[in-house]
Amino acid sequence: MHNDPEVIVRSPQELIGDLNEQQAQAVQFRGPALLIGAGAGSGKTRVLTRRIAWILTRFGAWPSQILAITFTNKAAAEMRERLSTLIGPVAQRMWVSTFHSACVRILRRDGERIGLKSGFTIYDTADCERLVKLIATDFNIDVKRYTPRQILARISDYKNGLTGVRETLAQYAPDFRPGTRGFRVGHIGNVEELYAIVYAEYQHRLALANAVDFDDLIVRTVELLRTQPDVAEYYRRKFRYILVDEYQDTNHAQYVLVRELAGVDSGERPSPDAVGAGRQGPAWITVVGDSDQSIYAFRGADISNIQDFEQDFPDARTIMLEQNYRSTQTILDAANAVIAHNEGRKPKKLWTAAGKGAPITGYAADTAQLEAHWIAHEIRWLHEEEGVRYSDVAVMYRANAQSRSLEEGLIQAHVPYQLIGGTKFYERREVKDALAYLQAIVNPADGINMRRILNVPKRGLGARAESMVTAWADERGLTFWQGVEQADRIEGMTTRTLNPLKRFAAMMTQLRAFAAEHDRQPSQVVAEVLAQSGLLEELQKSTDPQDQSRVENLSQLQSVAAEYEQNTPDATLAGFLETTALVADSDQLPDEAEDTGKVTLMTLHTAKGLEYPVVFLTGMEQGTFPHSRAMEDTSELSEERRLAYVGITRARRQLYITRAAVRAQWGRASEMMPSQFLDEIPDELIDWKRREAGVERMRSGWGRGSDGGSSYGRGDDWDSGLDEFGGWDDDFDEPSYGGSSYGRSSYGGSSYGSSSRSRSSGDTAPRFGSAARERSSSSGNGGAHFSYGVSGSSPTSPRSSLRFGSTASASSRSGKVTTRRTSPKSSPKPVSALDKDNRLDINDFHVGDKVSHDSFGLGTVLETQDKGRNSIITVDFGSDGVKRLMLRVAPIEKL
DNA sequence: TTCGGTTGCATTTTT
DNA sequence: TGCAACCGAA
């Protein structure tokens with residue numbers, strides 16, 4: 001067996017001695033195709049790295065024969081790090097990277113073969129949008145009706161599905177030729193034609209600019225491998241083992257890429273007596289994934305890639321890892337219960353040897369601000385009283401917009417935090433401007449970036465100058481930059497425009513020369529650009545305090561470049577730009593072992609693959625999570641649920657779930673119903689510190705008065721001390737409630753601000769013990785969910801749950817109620833979701849019934865879910881699709 | 001051409 | 001609420 005002398009040989013004992021049966025099997029598996037079904041926290045990274053070491057030492061593979069694909073750069077770096085400790089520094093030279101980085105590397109080497117010149121530019125989403133907008137304007141397309149975003153989404157779909165321009169044109173617009181000057185779409189027969197035309201023109205202009213977008217990195221690599229047999233041959237001989245992590249999130253293009261790289265379809269037979277993949281035949285493939293954690297369908301991820309793996313790859317074998325080493329049984333029970341609501345999945349149950357652990361803590365706040373406030377103080381208490389490190393706590397949310405209130409809460413409570421994601425560093429205006437200079441220097445054909453910097457900083461070259469140069473250059477088939485260079489030939493050009501144009505051209509020429517001389521020192525080029533362009537000067541002169549931080553960002557960009565320069569042996573300016581184009585949010589995350597002393601805030605999507613001892617899952621409301629745009633579609637709702645599953649399984653010891661009854665969205669306060677996912681977690685797993693928000697309690701309180709309270713069961717509120725009526729409903733009886741100023745001014749910091757109040761819950765409930773929990777949890781779950789009424793299957797009559805809604809708001813309602821009522825009086829009180837009730841009873845609906853919906857028309861009931869006030873009805877509206885509707889608010893009528 | 005003001009619109013999630 | 005795009009004036 002030929003072993004690379006640089007690879008540290010590990011004994012089988014070292015590689016599998018500490019693994020469980022399934023893990024050990026996965027590490028050792030000998031065969032062309034292996035799917036490791038790795039549930040959350042089942043130690044898949046460990047298995048993956050051990051398997052690589054196994055392949056190297058037991059199958060006798062060379063490090064250069066391995067291609068390992070991860071989802072983010074950070075995951076790649078981490079895997080490389082772990083490999084280093086296992087097999088030595090050779091790991092640093094191995095191909096361990098994301099799909100996108102690997103493709104860039106391949107395209108840099110052989111892209112010329114398909115017309116990509118070296119130094120090609122990678123456009124980010126903003127660049128792509130500018131390009132589409134440009135095209136839309138040229139073609140006279142109404143961008144209000146067809147937003148660049150929409151168009152790009154469609155283009156991206158085409159690309160992820162490997163549908164080329166040629167095919168779409170042939171099908172929808174056979175007469176269109178890209179690059180045709182003066183083309184006007186005018187009135188399009190159908191939208192498909194429009195999409196096909198823009199797609200074609202978009203690709204055409206990308207090619208002219210020597211640029212690619214994110215999707216192209218994959219697509220064009222596939223194209224390269226498919227059209228250039230010798231190139232494909234080279235990589236097939238090189239990579240004998242391909243390992244793909246997070247396989248459930250691959251799209252069709254990536255799937256095909258893997259097949260092409262592996263040579264699965266080449267028809268070659270493997271060497272008969274090889275120990276491993278040998279020298280010929282398809283490479284051996286290992287994929288790792290968990291279909292329950294597929295959360296990127298919106299980006300084209302195709303869950304069937306993983307589901308069909310065994311059919312797709314001959315002699316494939318599946319090994320499931322179901323033992324979880326991360327979380328407590330309570331947390332896993334919650335996760336299992338939630339994900340079990342998804343239909344059509346292979347049943348799978350995670351288990352742990354770790355024991356039950358603490359219950360999940362629930363909290364219902366009145367507003368998003370108060371939710372943040374409670375979380376912040378809970379975290380501080382955990383830190384100060386329980387000795388929990390801040391860096392062991394993560395706060396997660398569905399959408400970036402939610403981070404703001406959480407940040408404010410943490411700041412007020414003096415809890416240090418770091419925010420991951422949001423507007424990325426490289427997307428900030430000033431950083432993007434500086435990068436645009438660099439791109440334009442490396443690749444002057446790049447019209448998008450060249451145009452961006454033409455008048456930044458201001459040099460009197462506005463829209464008019466730009467369009468004159470563009471028109472002149474277009475007519476002659478030249479690039480924008482060539483137009484600028486030859487500006488004095490343009491007729492009708494005034495000296496007033498010509499002079500700054502000439503100065504701009506001279507500056508860029510000079511910068512290009514400088515960059516050519518200092519190609520190995522990108523940081524020098526950055527410095528030169530900042531100085532020569534006047535970018536820095538303009539910001540330094542400004543009095544706007546924001547510009548101060550912009551200066552700092554630019555200086556940080558320079559530091560990043562310097563760092564890249566030091567860490568990269570063959571550093572180039574183009575290489576530096578690549579690294580900036582392919583960063584992900586998660587790449588900002590600190591190393592696992594590092595104690596930053598800060599709480600981490602991030603979206604659920606960026607949290608994938610991470611784990612924290614303490615996790616806060618926030619904004620558990622209908623419309624927030626699940627997101628309103630995903631609530632009505634069954635498959636999108638399933639994806640939301642998988643996202644919830646991902647969130648829950650991030651927690652190791654303690655999980656918090658919180659919601660707000662009122663949340664400001666688009667500047668308006670609206671009332672939020674509890675998330676249906678809360679209903680899906682078994683009640684006995686949750687210890688509600690506060691089950692109902694004040695608003696809700698006030699209503700149910702009235703209901704109790706008139707109804708005797710029998711139908712609601714006893715909430716835990718009655719014995720929890722903190723949430724006794726007194727002190728709370730006073731606030732809510734204030735006449736100002738419901739107005740826009742509600743949230744913060746009335747009690748943002750004053751009555752609730754002192755931490756003693758919020759702490760009173762903590763006094764009696766230590767987090768990681770279980771003894772003191774008994775009190776609240778045993779008494780706290782007397783019935784079904786307290787606030788939403790009781791389901792029809794309970795002893796209570798179904799009617800009573802209806803009365804709940806109607807008594808609560810009877811005063812504000814008269815006669816027939818529609819859900820889209822516009823209040824005749826200009827009362828400041830918003831139409832409340834809690835008030836809404838069309839008085840339909842879920843028990844009146846049965847599968848197969850016909851209903852009529854105000855906007856979707858006629859439909860057939862597919863399913864009814866009785867959840868009392870939260871009852872959901874699933875209806876097939878034919879061409880309008882299958883919708884899940886909340887019965888209480890749906891504008892439907894039984895026929 | 002630039003600046004300043006007003007209006008109108010928007011929120012998924014991201015390599 | 002906050003930002004971006006558009007419009008009109010200097």
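Lettering of chains follows the sequences in order, A, B, ..., and the numbering in each one begins at 1.
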Point to revise | Ionic contact status for A:D127 with A:K432, cut-off 4.0 Å | key: yes
Check your understanding: C:dA4 and B:dT13: how far apart are their C1' atoms, nearest whole angstrom?
Key -> 22 Å
Practice item. May I ask you to say what A:R149 touches in the nucleic acid, namely base, sugar-phosphate or nothing, with a heavy-atom cut-off under 4.0 Å? Key: sugar-phosphate
Point to revise | C1' spacing across the pair B:dT11 / C:dC6, given as an integer number of angstrom | key: 22 Å
**Study point:** Between C:dC3 (C1') and A:R404 (CZ): distance, integer Å
**Key:** 10 Å
Exercise for review: Could you check whether the rings of A:F298 and A:H605 sit parallel, tilted or perpendicular, using 30° and 60° as the cut-offs?
Suggested key: perpendicular
Practice item. Remember a base hit wins even if backbone is also touched, and classify A:A401 as base, sugar-phosphate or nothing at under 4.0 Å, heavy atoms. Key: base
Exercise for review: Determine, for A:Y645 and A:R641, whether the Lys NZ or Arg CZ falls below 6.0 Å from the six-membered ring centre while staying within 45 degrees of the axis.
Suggested key: no
Revision key, fill the gap. Residue pair A:G462/A:H100 against DNA chain B: nearer the 5' end by closest nucleotide is A:G462
Check your understanding: Taking 5' to 3' order, which nucleotide of DNA chain B is first and which is last to have an atom within less than 4.0 Å of a heavy atom in chain A?
Key -> B:dT1 to B:dT15
Review point. Taking the side chain from A:N305 and the backbone from A:Y255, do they hold a donor-acceptor pair closer than 3.5 Å?
Key: no
Check your understanding: What does A:E427 touch in the nucleic acid at a heavy-atom separation under 4.0 angstrom: a base, only the sugar-phosphate, or nothing?
Key -> nothing
Point to revise | Step-by-step ring-ring contact (aromatic ring centres under 6.0 Å, His included) determination, A:F139 to A:Y146 | key: CA-CA 12 Å; A:F139 285 3; A:Y146 307 98; over 10 Å; no
Exercise for review: Just call it for A:T606: base, sugar-phosphate, or nothing, with non-hydrogen atoms closer than 4.0 Å on any strand.
Suggested key: sugar-phosphate
Exercise for review: Scan A:N73 against the nucleic acid and name what it touches under 4.0 Å (heavy atoms): base, sugar-phosphate only, or nothing.
Suggested key: nothing
Check your understanding: A:F71 vs A:Y296 aromatic rings, parallel, tilted or perpendicular, using cut-offs 30° and 60°?
Key -> tilted
**Study point:** cation_pi(A:R459, A:F504) dist<6.0 Å, angle<=45
**Key:** no
Practice item. Scan A:A463 against the nucleic acid and name what it touches under 4.0 Å (heavy atoms): base, sugar-phosphate only, or nothing. Key: sugar-phosphate
Practice item. Identify, between A:E639 and A:L461, the residue whose nearest nucleotide on DNA chain B lies closer to the 5' end. Key: A:L461
Check your understanding: Looking across every strand, which nucleic acid part, if any, lies under 4.0 Å from A:D215 by heavy atom: base, sugar-phosphate, or nothing?
Key -> nothing
Review point. Which part of the nucleic acid, if any, lies within reach of A:F71 when heavy atoms closer than 4.0 Å are counted: base, sugar-phosphate only, or nothing?
Key: sugar-phosphate
